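Read the structure below first, then the notes.
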Amino acid sequence: MIPIKFIRENIELVKESLANRNMDIDLDSILTLDNSRRNIIKSVEALKADRNYYSRKIAKQKQKGEDSTAQIKKMQKVSSSIKEYDLELKEVNEKLNQLLLFIPNIPHSSVPRGKSEDDNVVIKSWGEKPNFSFQHKDHIYLAEQHGLVDFKRGAKISGSGYPLYIDKGAKLERALINYMMDQHSENDFTEIFPPFLVNESSVLTTGQLPKFKEDMYYIDKDDMFCISTAEIPVTNIHKNEIINRDELPKKYVAYSACFRREAGSYGKDTKGLLRLHQFNKVELVKFVDPSNSYEELESLLLNAERILQNLNLHYRIIELCTADLSFSAAKCYDIEVWSPADQKYLEVSSCSNFESFQSRRGNIRYKNNDKLEHIHTLNGSGLATPRLFVAILENYQTEDGGIDIPEVLQEYIGIKKIC
RNA sequence: GGAGAGUUGGCAGAGCGGUAAUGCAGCGGAUUGCUAAUCCGUCAUGCCUUAACAGGCAUGCAAGAGUUCAAAUCUCUUACUCUCCGCCA
């Protein structure tokens with residue numbers, strides 16, 4: 001949430017930020033609304049001052065036993081016109097707040113400007129693309145060949161986009177989750193197992209609502225949302241709380257299933273594990289002192305990268321440009337792992353600094369000396385499993401058609417190779 | 001699902017129709033030569049005036065509605081927390 005006062009005082013900056021995001025939001029009508037809001041406040045507060053003055057007078061008169069029917073008559077009129085103004089003010093406030101909830105975060109000054117995702121910047125590349133001396137296969141073939149994932153039965157049970165992991169496939173999936181959780185725990189992230197259904201206010205905090213309601217699974221009867229990421233429950237751990245400065249940074253790691261309707265992406269990546277309605281993800285969330293949130297973002301990125309390094313998978317890091325930045329983020333890095341079959345990079349993590357955007361929505365503050373201020377929130381996938389699963393199958397396949405298990409996972413899965 | 005209790009500032013805690021006591025912590029200042037004490041101020045948000053310092057007004061007692069000249073206080077609705085009962089993995 002960008003506060004109206006900030007918009008009012010930095011209108012050019014906000015306009016520029018929206019333009020850089022390729023977003024068209026009518027700021028002038030927001031300012032007009034703000035203006036009329038302040039005018040109403042002026043009028044109604046003058047009346048309320050009047051009312052307070054006469055109420056006190058009436059109280060004194062009553063004590064003395066004097067008659068005050070004239071004043072009371074007058075105040076009845078004042079009160080009813082206060083009521084009208086208050087109603088008007090409430091309507092204007094609601095309209096204004098509704099509009100403000102649709103304004104995205106302001107990109108950090110270091111974010112590259114761009115018109116589309118083509119302007120994202122590759123800032124790092126780690127490892128090497130594998131060279132196969134044999135005809136290598138894609139993950140769908142490999143998964144079906146070895147009975148790791150049953151897409152057909154998943155579709156029978158739920159629909160497309162709900163893979164059924166079986167036997168060694170199920171074990172590999174669980175090994176990945178357990179391995180990543182352990183790694184991050186060792187780096188002082190506190191382990192969380194969050195609720196997977198959350199209320200509306202939690203989704204407003206992180207910014208998936210109100211703008212992206214179409215992407216969420218919604219349970220009408222109970223007014224609950226299925227989480228699209230563990231970011232939602234974990235960020236809301238401290239909703240409406242005040243955190244002591246000496247407790248910062250607060251670092252959490254959580255596994256969750258993630259549910260996404262993927263509205264508007266029909267026909268894209270419909271086969272295999274690349275785009276799913278339900279998938280598993282390990283998420284890192286940090287609550288940090290605003291003065292060093294960008295250093296914390298860099299270290300968060302390293303925490304996520306470490307997983308791919310330990311799995312010895314080639315990846316690159318993209319710095320998202322203003323046009324590709326997500327709604328709530330001020331800055332974001334994507335980590336993309338190499339898929340030999342598709343000959344392209346697959347996004348397995350987004351690491352973002354939200355600055356105070358989410359903490360304002362969720363009223364998450366910290367005590368800075370004598371002042372209460374909004375904290376900065378960060379999060380990053382560490383990592384999402386489906387594309388990681390893809391990368392392991394494709395990068396670790398062997399000439400005899402088997403799949404080697406990466407060394408760090410062997411103790412988790414109990415075998416060294418899928419034959 | 002049923003019954004009861006509760007929700008007041010950073011925290012603790014009073015007030016139960018006349019407009020938020022008090023304590024603790026924090027911050028600023030004064031004073032005293034001693035790791036501290038004492039005193040004063042400040043310590044939520046918004047709006048207005050001001051270049052700024054500062055000042056004025058309003059709002060704020062879980063959320064919303066109602067009664068009233070006046071609501072933390074009375075009435076209704078909702079949310080959440082706790083306790084007990086029921087059902088259940």
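So that the names make sense, note that chain A is the first sequence line, chain B the second, and so on, each numbered from 1. A quick note: this is a predicted structure, and the numbers were derived from the prediction, not measured.
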May I ask which nucleotide in the shown strands pairs with B/U19, Watson-Crick or G-U wobble, both distances under 3.5 Å?
none
Can you tell me which nucleotide in B/U19, B/A65, B/C69 comes closest to the side chain of A/N52?
B/U19
Taking the six-membered ring of A/Y141 (Phe, Tyr or Trp), confirm whether the NZ or CZ of A/K137 is under 6.0 Å from its centre and within 45° of its axis.
yes
Measuring only the C1' atom in each nucleotide, how far is B/G60 from B/U73? A whole number of Å is fine.
15 Å
Sugar-phosphate only, base, or nothing, as touched by A/K73 at under 4.0 Å among non-hydrogen atoms
nothing
Whom does B/C88 pair with, Watson-Crick or G-U wobble, provided both distances fall under 3.5 Å?
none
Please work out whether the ring planes of A/F151 and A/H139 are parallel, tilted or perpendicular, with thresholds of 30° and 60°.
perpendicular
Counting Watson-Crick and G-U wobble pairs only, both distances under 3.5 Å, name the nucleotide matched with B/U35, or none.
none
Closest approach to the side chain of A/K5, judged atom by atom: which nucleotide of B/G64, B/A70, B/C47 is it?
B/C47
Side chain of A/S55 (C-beta onward), nearest among B/A58, B/U67, B/G18
B/G18
Parallel, tilted or perpendicular, as decided by the 30° and 60° cut-offs, for the rings of A/Y162 and A/Y217
tilted
Check the distance between B/C47's P and A/R38's CZ and give it to me in whole angstrom.
7 Å
cation_pi(A/K213, A/Y218) dist<6.0 Å, angle<=45:
yes
Quick one: label A/K83 by what it contacts on the DNA or RNA (base, sugar-phosphate, nothing), any heavy atom closer than 4.0 Å.
sugar-phosphate
Can you tell whether the side chains of A/R38 and A/D34 come within less than 4.0 Å, N to carboxylate O?
yes
For residues A/H376 and A/Y294, establish whether the separation of their ring centroids is below 6.0 Å.
no
Write down the distance separating the C1' atoms in B/U75 and B/U38, rounded off to the nearest Å.
49 Å
Nearest-Å distance once atom P is located in both B/G86 and B/G17
40 Å
Of B/U67, B/C69, B/G46, the nucleotide closest to the side chain of A/S79 is B/C69
What is the pairing partner of B/A51, taking Watson-Crick or G-U wobble pairs with both distances under 3.5 Å in any strand?
none
Of the options B/A58, B/C69, B/G10, whose atoms approach the side-chain atoms of A/Q76 most closely?
B/C69
Across all strands, who's sitting opposite B/A3 as a Watson-Crick or G-U wobble pair, both distances under 3.5 Å?
B/U83
Let's test this: given Watson-Crick or G-U wobble pairing with both distances under 3.5 Å, identify the partner of B/G9.
none
Just checking A/I242: base, sugar-phosphate only, or nothing, at a heavy-atom cut-off of under 4.0 Å?
sugar-phosphate
Which nucleotide sits closest to the side chain of A/I72: B/C47, B/C69, B/C57?
B/C69
Paired to B/G41 by Watson-Crick or G-U wobble criteria (both distances under 3.5 Å) is B/C27
Paired to B/G46 by Watson-Crick or G-U wobble criteria (both distances under 3.5 Å) is B/C57
